[in-house]
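Below is one structure; the comments refer to it alone.
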Amino acid sequence: MLTKKDIRFALDEIGKMYPDAHCELTHENPFELLIAVVLSAQCTDALVNKVTKDLFQKYKNPEDYLNVPLEELQNDIKSIGLYRNKSKNIRKLCETLIEQYGGEVPSTKAELEKLAGVGRKTANVVASVAFGEPAIAVDTHVERVSKRLGICRWKDSVLEVEKTLMKKIPRDEWSQTHHRLIFFGRYHCKARSPECEVCPLLDICREGQKRMKAKARA
DNA sequence: AACTCGGGGCA
DNA sequence: TGCCCAGAGTT
């Protein structure tokens, strides 16, 4: 497990690599962000952005999603995969927004998480990006990076990873750190081919040293 | 905890 | 071709 000092070092180095990491999903308002994040589950944001460009031109508010046949909505998001679940969830979500929130997007994590298609990760992202609430959303990148570096344990659940990060990172750095870890995981500490050879964190990274040793042996 | 949804991107 | 992707819901 990394010491507090090592974690500080790691966060600072990652911050130097990606000083202006941000949410890459296109959105003009909380509602569009919410839809975009729900659509982004298990597919890349670049792919989602291709669809949302036309989607947000056509669907401006929760009512618009309910005023077309389900098949039409499915067809509009077909190319991102998992479209049957996502289209149904979005319609259910829009119904809830209209019935319970006057057509607006609720701003707290607890309320967001109750919406169809919105889990802990999506709720954290929307609360953080759209409403400025401190949050660390643990997706596959954040989880992988945290475990490789040794910020948390390999067997930790997603929720345990989130708790550990919140405990070890100052609250006012949560949102920024979240996006930086995602950039670091996406572009450098990649799932398949992490670039350990040119990584500034190699000295403190358990997994990186293991990989380099294995490579030297081969 | 394991399984399913799923087309696109990349090696 | 095969494997993975900025997850969530169900069993």
Side-chain angles (χ1 to χ4, degrees), chain A residues 14 17-18 20-27 30 32-55 70-71 73-97 105-106 109-130 133 135-149 151 153-162 165 174-196 211 215:
Chain A
I14 294 173
M17 296 174 74
Y18 307 100
D20 41 33
H22 59 280
C23 179
E24 292 190 317
L25 293 168
T26 58
H27 60 279
E32 289 191 357
L33 175 66
L34 176 60
I35 299 294
V37 180
V38 169
L39 290 176
S40 77
Q42 286 301 101
C43 72
T44 65
D45 47 319
L47 190 58
V48 172
N49 284 337
K50 274 192 212 168
V51 174
T52 52
K53 196 178 174 188
D54 291 331
L55 199 69
L70 181 59
E71 293 72 25
L73 178 57
Q74 287 185 343
N75 191 57
D76 288 336
I77 65 171
K78 194 176 45 180
S79 61
I80 66 170
L82 303 180
Y83 57 90
R84 278 187 276 267
N85 288 339
K86 288 176 182 177
S87 59
K88 287 178 193 167
N89 283 336
I90 285 177
R91 284 170 66 106
K92 204 179 296 178
L93 174 161
C94 286
E95 282 180 22
T96 307
L97 291 187
V105 179
K109 287 187 272 188
E111 289 171 309
L112 287 164
E113 207 173 343
K114 287 182 196 162
L115 300 173
V118 179
R120 192 175 184 85
K121 180 251 166 182
T122 301
N124 277 333
V125 170
V126 174
S128 167
V129 176
E133 189 174 332
I136 300 177
V138 178
D139 53 44
T140 57
H141 292 312
V142 175
E143 181 179 1
R144 184 181 62 252
V145 168
S146 300
K147 290 182 176 181
R148 278 182 180 167
L149 281 173
I151 295 177
R153 294 167 297 193
W154 275 106
K155 48 169 57 176
D156 281 348
S157 67
V158 171
L159 189 58
E160 287 170 326
V161 174
E162 183 183 333
L165 288 172
W174 284 358
S175 299
Q176 186 183 56
T177 300
H178 154 62
H179 287 111
R180 287 178 174 178
L181 288 179
I182 285 173
F183 271 61
F184 181 66
R186 177 197 252 288
Y187 300 113
H188 190 94
C189 192
K190 295 175 284 191
R192 301 184 195 171
S193 50
E195 299 175 1
C196 303
R211 283 171 180 267
K215 197 172 179 182

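Lettering of chains follows the sequences in order, A, B, ..., and the numbering in each one begins at 1. Just so you know, these numbers come straight off a predicted model, no measurement behind them.
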From CZ of A:Arg84 across to C1' of B:dG6 the rounded distance in Å is 8 Å
Determine the contact category for A:Val158: base if any of its heavy atoms lies under 4.0 Å from a base atom, sugar-phosphate if only primed atoms, P, OP1 or OP2 are that close, otherwise nothing. nothing
Is the centre of the A:Phe183 ring less than 6.0 Å from the centre of the A:His188 ring? no
Within residues 79-96 of chain A or reaching into it, pairs that qualify as side-chain hydrogen bond (donor to acceptor under 3.5 Å, both in side chains) - sequence neighbours excluded: A:Gln74-A:Ser87
Using heavy-atom distances to pick each residue's nearest nucleotide on DNA chain B, tell me which of A:Ser157 and A:Ser79 is more 5'. A:Ser157
A:Gln42 side chain N/O closer than 4.0 Å to the phosphate oxygens (OP1, OP2) of C:dG7? yes
Rounded to whole angstroms, how far apart are NZ on A:Lys88 and P on B:dT4? 17 Å
Categorize A:Ser193 for me: base, sugar-phosphate, or nothing, with a 4.0 angstrom heavy-atom threshold over every strand shown. nothing
Which part of the nucleic acid does A:Lys86 contact within heavy-atom distance under 4.0 Å: base, sugar-phosphate only, or nothing? nothing
A:Lys50 side chain near B:dG9 phosphate (N/O to OP1/OP2, under 4.0 Å): yes
Carboxylate-amine/guanidinium contact A:Lys147 A:Glu143, below 4.0 Å: yes
Would you indicate what A:Leu47 reaches in the nucleic acid, counting non-hydrogen atoms under 4.0 angstrom: base, sugar-phosphate, or nothing? sugar-phosphate
For A:Arg186 and for A:Asn89, find the nucleotide of DNA chain C with the closest heavy atom, then tell me which residue's nucleotide is more 5'. A:Arg186
Hey, does A:Ala116 reach any base, or is it just sugar-phosphate, or nothing, if we go heavy atoms under 4.0 Å? sugar-phosphate
Any A:Thr140 side-chain N or O less than 4.0 Å from OP1/OP2 of C:dC4: no
Between C1' of C:dG7 and CD1 of A:Ile90, the distance in whole Å: 13 Å
